[in-house]
Amino acid sequence: LAYAIHWEESIKIIIGHLYPDLLNLYGDRGNIQCMMKRCEWRGIEAETIEYQLEDEIDFSRLDIVLLGGGSDREQMLVCEKLKTIRSDFKNYVEDNGVVIAICGGYQLLGNYYMTDSGNIEGLGLVDLHTEQGRDRLIQNIVIKSELFDTPIVGFENHGGRTFINKNKPLGKVLYGSGNNGETGYEGVIYKNVIGTYLHGPLLPKNPKLCDYLISRALERRYGEIVELEPLDDTQEMEANQYIVNRFAKRGN
Ligand code: GLN
């Protein structure tokens, strides 16, 4: 169990996976499995609820929300639905609800995503916007976040360029393009919301980020500072380190 908490009752988190049929590029679902497993290994119960477009979402039940990546076409389909959940989703975010939004999902957190074939209205949960660029930014990526020492590694593939205005980025780009290929920053952090262009397997390769999300969710639900029991992350760290060495240490 996690340290620093005296739980008598069993503890549990519920993950809401929004529209997995439409927003699930590059196996973003693997991130859910990672969160579930890292909870279970510590004796923390974890459940995932998948929501389809026609489902009602009761945000008060949720501890972590995952919005995955999608093509422009799929984002356009989801966009109409988002208008109907916007106010509940916003209340959840302002109440420190944990959100991990990836690529297309990250873009949808913002005010809009302007594409060549039209404007996709976003949720407006975080003050950011995206504009389609001429070419796609496709490559491995390594970033350094202030959240922890280990670099975050992943893969990016996006046509959109995201501008986060006055918000804090998730990290500084060590290798790759990041938000827009110009500012040198990647992703966004707003309250307990993380938006990023790094695709699945984001969390399996970056267990510290996974634990960060779980800790924030437990703190919010159980109201105490949580230090999670360490797990044996030897293999995960080898995968992470391999990418850091291969790309970010080039020329050193
Ligand atoms: N459709 C968006 C873009 O190309 C996001 C793609 C994605 O989720 N990989 O910018």
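Counting starts at 1 for both ligands and their atoms, in listed order.
The Gly104 neighbourhood of ligand 1 comprises atoms 5 (C), 7 (C), 8 (O), with distances under 4.0 Å to a heavy atom of that residue. When each atom of ligand 1 is checked for a heavy atom of Asn157 under 4.0 Å away, the hits are 6 (C), 7 (C), 9 (N). Applying the 4.0 Å criterion to heavy atoms of Gln75 picks out, from ligand 1, the atoms 1 (N), 2 (C), 5 (C). Atom numbering of ligand 1 starts at 1 in the shown order; those under 4.0 Å from a heavy atom of Leu25 are 7 (C), 8 (O), 9 (N).
Between Tyr197 and ligand 1, no pair of N/O atoms sits closer than 3.5 Å. For Gly160, a nitrogen or oxygen atom sits less than 3.5 Å from a nitrogen or oxygen atom of ligand 1, counting backbone and side chain alike. Taking distance alone, with nitrogen or oxygen atoms compared against 3.5 Å, His158 stays at or beyond that limit from ligand 1. For a threshold of 3.5 Å applied to N or O pairs, the pair formed by Gly159 and ligand 1 contains at least one separation below that value. Polar contact with ligand 1: absent for Ser71 (N/O pair, distance under 3.5 Å).
Between Arg161 and Asp135 there is a salt bridge, since a side-chain N of the basic residue sits under 4.0 Å from a carboxylate O of the acidic one.
Distances from ligand 1 to the non-hydrogen atoms of Gln132 include no value under 4.0 Å. The closest approach between Glu156 and ligand 1 stays at or above 4.0 Å for every heavy atom of the residue. Within the structure, ligand 1 has Tyr113 among the residues with a heavy atom less than 4.0 angstrom away.
Taking the ring axis of Tyr212 as reference, the NZ or CZ atom of Arg216 stays within 45° of it and closer than 6.0 Å to the ring centre. Because its NZ or CZ atom is both nearer than 6.0 Å to the ring centre of Tyr185 and within 45° of the ring axis, Lys172 counts as a cation-pi partner of that residue.
A side-chain hydrogen bond (donor to acceptor under 3.5 Å, both in side chains) with Arg220 holds for exactly one of Asp95, Asn96, Asp63; it is Asp95.
Members clustered with Met114: Tyr112, by chain and number, using a 4.5 Å side-chain heavy-atom cutoff among hydrophobic residues.
Within the 4.0 Å heavy-atom criterion, the part of Gln107 lying near ligand 1 is the side chain and not the backbone.
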Next on the checklist: Using the rule given for side-chain hydrogen bond (donor to acceptor under 3.5 Å, both in side chains), can you reason through Asn245 versus Gln241, listing the C-alpha separation, both sets of side-chain angles and the distance that settles it, and then say yes or no?
Outcome noted: CA-CA 6 Å; Asn245 291 340; Gln241 203 49 53; 3.3 Å; yes

Item to check | Candidate pair Val153 and Ile141, rule side chain to side chain contact (heavy atoms under 4.5 Å, CB included), full reasoning | outcome: CA-CA 6 Å; Val153 304; Ile141 173 164; over 6 Å; no

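By the side-chain contact (heavy atoms from CB on, under 4.5 Å) test, Thr115 is found to be paired with Asp72, Tyr113, Ser117, Ile120, Gln132, residues two or more places apart in sequence or in another chain being considered.
Cys103 SG, 2.8 Å is the protein heavy atom nearest to atom 7 (C) of ligand 1. Of the protein's non-hydrogen atoms, Asp72 OD1, 2.5 Å is the one closest to atom 1 (N) of ligand 1.
Comparing heavy-atom distances from atom 6 (C) of ligand 1 across Gly70, Gly68, Gly69 singles out Gly70 as nearest.
Here Phe89 and Phe59 bring their ring centres to under 6.0 angstrom of each other.
Listed for the Lys144 side chain is a donor-acceptor partner under 3.5 Å among the backbone atoms of Phe148.
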